[in-house]
2 protein chains.
Amino acid sequence: MSGEPVFAALSDATRRTLLTRLADGGPATATQLAAELPITRQAVLKHLEALRDARLVTSARAGREVRYTVTPEPLADAVGWIADVGGQWDSRLAALQAQFSSPRAK
Amino acid sequence: MSGEPVFAALSDATRRTLLTRLADGGPATATQLAAELPITRQAVLKHLEALRDARLVTSARAGREVRYTVTPEPLADAVGWIADVGGQWDSRLAALQAQFSSPRAK
DNA sequence: ATGAAGTGCAACTCGCAGGTTGCATCCGAC
DNA sequence: GTCGGATGCAACCTGCGAGTTGCACTTCAT
């Protein structure tokens, strides 16, 4: 009922960085991403595996390379859970929705 | 800039359980919560401290007891970050909003 | 004022997640 | 075919987080 591996995936700062990087710059390979980060390719690979377990990225082989792409659908589960918890505070939920509809405002 | 301790707080299943418990059943003490869970009062206390560090709960002393209450505001930060990442996929963002406006539907 | 219920603090164990190194393997180019 | 860039796998190190136990301290009730 409450299998929320998404939160576990998002708990790590490096993984969040990877997600934003992939969301902003489009699909990339593990080696490519490792070059832009202060950690090893292997470490990046492990994080990508964790993200793939959480269905947040998909891997697609292109020749000898493997591109990783963001698939943000599971994030909806996280938002759903948050909405459930915050559901008791209707007024605050309104505030959430406001911020949600103008994400660029930040 | 990107201090998102909220995700770290939500990464643990026990902490999520505590949050829902507090959201559903209202404020409670550490001893009270420990009685409803398969872990020690001390463990619960540590989790509550973690949640308080993330501003997700507040502690208020009442006599010799200490009641913990949910303060869901920081959850907005999490949703904001998610919206940022998912911002690239406008259509999917719409789906997120839909689920957001009807949390009870689940 | 004394005993019980509740909280606070500290030390300790233990498993796992994040990270590294090393090597084997696969695929494309020349 | 063979050389180089890229991936895959495995063993290993290390620190931290979750949980426990034990004890000292506060506070209400009798």
Side-chain angles (χ1 to χ4, degrees), chain A residues 2-22 25-71 74 78, chain B residues 2-22 25-70 74 78 81:
Chain A
S2 72
E4 308 288 359
V6 183
F7 284 120
L10 293 179
S11 67
D12 187 76
T14 305
R15 261 174 327 246
R16 287 197 301 266
T17 304
L18 281 177
L19 272 191
T20 50
R21 201 72 109 178
L22 285 178
T29 72
T31 320
Q32 222 168 338
L33 293 168
E36 308 171 4
L37 290 180
I39 58 176
T40 315
R41 184 195 113 243
Q42 306 293 340
V44 172
L45 198 34
K46 282 193 181 180
H47 283 301
L48 287 175
E49 279 182 29
L51 289 174
R52 194 179 48 184
D53 285 354
R55 311 284 177 186
L56 283 171
V57 300
T58 54
S59 59
R61 177 153 232 136
R64 69 177 160 184
E65 295 184 345
V66 177
R67 317 204 81 98
Y68 288 86
T69 313
V70 183
T71 54
Chain B
S2 71
E4 308 289 358
V6 183
F7 285 119
L10 293 179
S11 66
D12 188 75
T14 305
R15 267 186 307 260
R16 286 196 301 268
T17 304
L18 281 176
L19 272 191
T20 49
R21 201 73 109 180
L22 286 178
T29 72
T31 319
Q32 221 168 339
L33 293 168
E36 308 172 4
L37 290 181
I39 58 177
T40 316
R41 185 194 111 242
Q42 306 293 339
V44 172
L45 198 34
K46 281 193 182 181
H47 283 302
L48 287 175
E49 280 182 28
L51 288 173
R52 194 179 48 184
D53 285 354
R55 310 285 177 186
L56 283 171
V57 301
T58 55
S59 59
R61 177 154 231 135
R64 68 178 161 184
E65 295 185 347
V66 176
R67 317 204 82 95
Y68 289 85
T69 314
V70 183
W81 187 90

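Predicted, not measured: the structure shown is a model, and the values here were computed from it. Residue numbering restarts at 1 for every chain, and letters A, B, ... go by the order of the sequence lines.
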| field | Distance, rounded to the nearest Å, where B/L18 contributes CG and D/dG19 contributes P | value | 10 Å
| message | Quick check: do B/L10 and A/L10 have side-chain heavy atoms less than 4.5 Å from each other? | response | no
| query | Over how many whole Å does the gap from B/L33 atom CG to C/dG6 atom P extend? | reply | 13 Å
| With respect to the phosphate group of D/dG17, does any side-chain polar atom (N or O) of B/H47 fall under 4.0 Å of OP1 or OP2? | no
| request: Classify the nucleic acid contact of A/R15 as base, sugar-phosphate or nothing, counting any heavy atom under 4.0 Å across all strands shown. | output: sugar-phosphate
| remark: Heavy-atom nearest pair, B/V6 first then B/P74, reads CG2-O, 3.7 Å
| query | Are B/T14 and D/dG19 close enough that a side-chain N or O sits under 4.0 Å from OP1 or OP2? | reply | yes
| field | Check: B/A43 main-chain N/O paired with B/T40 side-chain donor or acceptor under 3.5 Å | value | no
| request: Quickly work out the A/E49 CD to C/dG19 C1' distance and round it to whole Å. | output: 14 Å
| Whole-Å distance separating the CG atom of A/L45 from the P atom of C/dG19 | 13 Å
Report, one line per pair, each donor and acceptor closer than 3.5 Å where one atom sits in a side chain of residues 52-60 of chain A; sequence neighbours left out.
unit_1 : atom_1 : unit_2 : atom_2 : d
A/R52  : NH1    : A/S59  : OG     : 3.1

| field | From A/E36 atom CD to A/Q32 atom CD, the distance as rounded to the nearest 0.5 Å | value | 6.5 Å
| With side chains defined as the heavy atoms from C-beta onward, is the minimum distance between A/L51 and A/L22 less than 4.5 Å? | no
| task | Figure out the CD/P separation between A/E65 and D/dG8, and round it to whole Å. | result | 11 Å
Please tabulate, one pair per line, each protein N/O and nucleotide N/O from nucleotides 20-23 of chain D that are separated by under 3.5 Å, including the distance.
unit_1 : atom_1 : unit_2 : atom_2 : d
D/dT20 : OP2    : B/T40  : N      : 2.6
D/dT20 : OP2    : B/T40  : OG1    : 2.3
D/dT20 : O5'    : B/T40  : OG1    : 3.0
D/dG22 : O6     : B/Q42  : NE2    : 3.4

| message | Using whole Å, what does the distance between atom C1' of nucleotide C/dA17 and atom CG of B/D12 come to? | response | 14 Å
| Smallest separation among heavy atoms of A/R41 and A/A34, with atom names | CA-CB, 3.5 Å
| message | Working to the nearest 0.5 angstrom, can you tell me the gap between B/T14 OG1 and B/L19 CG? | response | 11.5 Å
| field | Atom pair CD1/NE2 of B/I39 and B/H47 - distance to nearest 0.5 Å | value | 5.0 Å
| field | Where protein sits on nucleotides 24-30 of chain D, one letter per nucleotide: B base, S sugar-phosphate only, - none, heavy atoms under 4.0 Å | value | ---BS--
